[in-house]
Amino acid sequence: MRIDVLTIFPELVRGFAGHSLLGRAVAAGTVDLHVHDLRDATTDVHRTVDDSPFGGGAGMVLRPEPIVETVERVDPPRPILALGPAGRPFDQGAAVRLAGLDGFTLLCGRYEGIDQRVLDHVVDEELSIGDVVLAGGEVGALVVVEAVTRLLPGVMGNETSAGDESFTDGLLEYPQYTRPAEYRGWAVPEVLRSGDHGRIERWRRAQSLRRTLDRRPDLIESRGGLRPEEEALLESEPVGDDPGTRP
Ligand code: JCQ
């Protein structure tokens with residue numbers, strides 16, 4: 001998969017991409033990452049990428065020329081996606097769709113925004129990583145790169161684990177534990193050490209449902225509420241309070 005990133009902080013993006021899972025995927029050639037410095041397409045001595053907004057107001061706007069000229073010179077893979085708070089929400093479904101492409105391009109905005117003509121005529125879609133305002137699109141672009149590349153065949157050590165986790169069936173993940181079985185008086189739930197795989201499966205499902213009801217009722221709502229067998233499971237498998245929701 002080819003991923004191009006257009007940014008004024010190329011070293012930030014390259015630095016992140018050199019590490020961990022993504023670093024190995026790039027080294028192995030599974031991910032062909034091209035990072036472009038928008039300043040390389042400027043012509044003035046100060047390599048200026050921004051200017052003040054028409055109509056007045058605070059802050060600076062990314063100029064169209066460095067972006068459009070970078071796109072023309074590089075001919076990066078489509079779609080071209082711009083990161084910003086006004087974008088369509090990026091979620092696991094969007095990550096799965098992008099993971100099915102041969103490539104795509106991420107444009108990182110900075111300052112108060114990107115000249116709207118770039119968004120109208122060059123960018124295919126705007127993406128938001130959440131209802132929060134960042135100083136620039138770079139961290140958002142890295143969120144997209146990591147969420148997509150970890151889904152590619154051969155990127156995760158465990159080929160099966162990418163599917164069996166939060167959001168893939170619309171519920172949050174159940175709690176996980178590892179050794180030691182007791183630490184500072186905090187015991188791992190007995191059921192997980194019982195060896196009874198049916199019981200473990202039911203406990204985990206009940207935990208996922210309980211957590212999602214408590215923390216993300218919107219996710220339960222969007223899958224159309226609890227099914228009758230899920231109601232029954234929560235009745236028969238008391239899971240107690242969710243400590244993750246304490247203030
Ligand atoms: C990304 N959620 C928030 C900030 C303007 C497009 O122009 C702008 C981009 C940014 C940086 O991105 C975000 C963001 N997803 O803040 C302002």
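All residue numbers in this chain count up from 1 along the given sequence. Both counts, for ligands and for their atoms, begin at 1 and track the order of listing.
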Could you list the atoms of ligand 1 found under 4.0 angstrom from a heavy atom of [X]?
X      : value
Gly130 : 2 (N), 3 (C)
Gly137 : 11 (C), 12 (O)
Val132 : 2 (N), 3 (C)
Val133 : 16 (O)

### Message
Working note: Val191 + Arg202, criterion side-chain contact (heavy atoms from CB on, under 4.5 Å); need CA distance, chi angles, decisive distance, verdict.
### Response
CA-CA 10 Å; Val191 53; Arg202 283 192 300 280; over 6 Å; no

### Task
Using heavy-atom distances, let me know which of Gly84, Gly136, Ala141, Gly87 sits nearest atom 11 (C) of ligand 1.
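Selected option, by shortest heavy-atom distance: Gly136.
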
### Message
Just so I know, are the side chains of Val148 and Met1 near enough to count as touching, which here means a heavy-atom distance under 4.5 Å?
### Response
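Yes, their side chains come closer than 4.5 Å.
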
### Query
Distance-only, no hydrogens or angles: does the Thr212 side chain make a donor-acceptor pair with backbone N or O of Leu171 under 3.5 Å?
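Absent.
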
### Task
Mind listing the closest non-hydrogen atom pair of Ser128 and Gly87 along with its distance?
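Residues Ser128 and Gly87, closest heavy atoms: CB-O, 3.5 Å.
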
Identity and separation of the nearest protein heavy atom to [atom]:
atom                    : answer
atom 15 (N) of ligand 1 : Ile129 N, 2.9 Å
atom 17 (C) of ligand 1 : Tyr111 O, 3.7 Å
atom 13 (C) of ligand 1 : Pro85 CD, 3.4 Å
atom 9 (C) of ligand 1  : Leu83 O, 3.5 Å
atom 4 (C) of ligand 1  : Leu134 O, 3.6 Å

### Arg39/Asp44 salt bridge by N-O under 4.0 Å criterion
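Judged by the 4.0 Å cut-off on N to carboxylate O distance, Asp44 and Arg39 do not form a salt bridge.
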
### Query
So, Glu125 and Arg88, do they make that salt bridge, N to O below 4.0 Å?
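Salt bridge flag = yes for Arg88 with Glu125.
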
### Message
Less than 4.0 Å is my threshold; does some heavy atom of Gly140 fall inside it relative to ligand 1?
### Response
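False for this residue.
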
### Query
Can Glu112 be said to touch ligand 1, with heavy atoms closer than 4.0 Å?
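Glu112 counts as a contact of ligand 1 under the 4.0 Å cut-off.
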
N or O pair under 3.5 Å between [X] and ligand 1:
X      : value
Ala135 : no
Gly113 : no
Arg110 : no

### Query
So if you build clusters from Ile, Leu, Val, Met, Phe, Trp, Tyr with side-chain heavy-atom gaps below 4.5 Å, do Val74 and Leu107 land together?
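Different clusters: Val74 never reaches Leu107 through Ile, Leu, Val, Met, Phe, Trp or Tyr contacts under 4.5 Å.
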
### Query
When you look at Val49 and Leu62, which way does the side-chain contact (heavy atoms from CB on, under 4.5 Å) test go after all the steps?
CA-CA 6 Å; Val49 291; Leu62 274 188; 4.1 Å; yes

### Task
Only one of Arg110, His36, Glu138, Arg14 passes side-chain hydrogen bond (donor to acceptor under 3.5 Å, both in side chains) with Thr7; say which it is.
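Among Arg110, His36, Glu138, Arg14, the one that satisfies the side-chain hydrogen bond (donor to acceptor under 3.5 Å, both in side chains) with Thr7 is Glu138.
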
### Message
What verdict does the side-chain contact (heavy atoms from CB on, under 4.5 Å) test give for Arg223 and Glu230, after you've listed the backbone C-alpha separation in whole Å, the side-chain angles of each residue and the deciding distance to 0.1 Å?
### Response
CA-CA 12 Å; Arg223 60 203 282 287; Glu230 293 171 335; 3.0 Å; yes

